[in-house]
Amino acid sequence: MIKAETNIYDKFQTVIPKKIREKLGLTKDHVIEWIADENGKVELKFRKKIN
């Protein structure tokens, strides 16, 4: 398990931590799907862009 923190910047932007990007092999060709449940738990899914 990898744990990392990030800040929220202007316009609510944030950065995916380097160790997470490297572990998951993320590139600029990925998009993030955000899923929030009724209890406030958030799950992120990364997938390649569909052109």
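Because the structure is a prediction, the values reported are computed rather than measured.
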Taken in chain and number order and not counting sequence neighbours, the residues that satisfy side chain to side chain contact (heavy atoms under 4.5 Å, CB included) with T14 are T6

For N7, the side chain to side chain contact (heavy atoms under 4.5 Å, CB included) test, sequence neighbours excluded, returns Y9

Separation between NZ (K45) and CD (E43), nearest 0.5 Å, reads 5.0 Å

**OP:** Would you kindly confirm whether I35 and I32 end up in one hydrophobic cluster when ILVMFWY residues are joined by side chain heavy atoms under 4.5 Å apart?
**Re:** no

Handout entry: Check: D37 side chain, N39 main-chain N or O, donor-acceptor pair, under 3.5 Å
Key = yes

Here the pair of heavy atoms bringing H30 nearest to K49 is O-CE, 4.2 Å

Contacts satisfying salt bridge (charged side-chain N to carboxylate O under 4.0 Å, His left out) that involve residues 5-21 (not counting sequence neighbours) are K18-E22

For I16 and I20, the nearest pair of non-hydrogen atoms, with its separation, is CG2-CG2, 4.0 Å

Heavy-atom neighbours of K48 NZ exceed 12 at 6.0 Å: yes

Contact between W34 and L44 at the side-chain level, heavy atoms closer than 4.5 Å - yes or no? yes

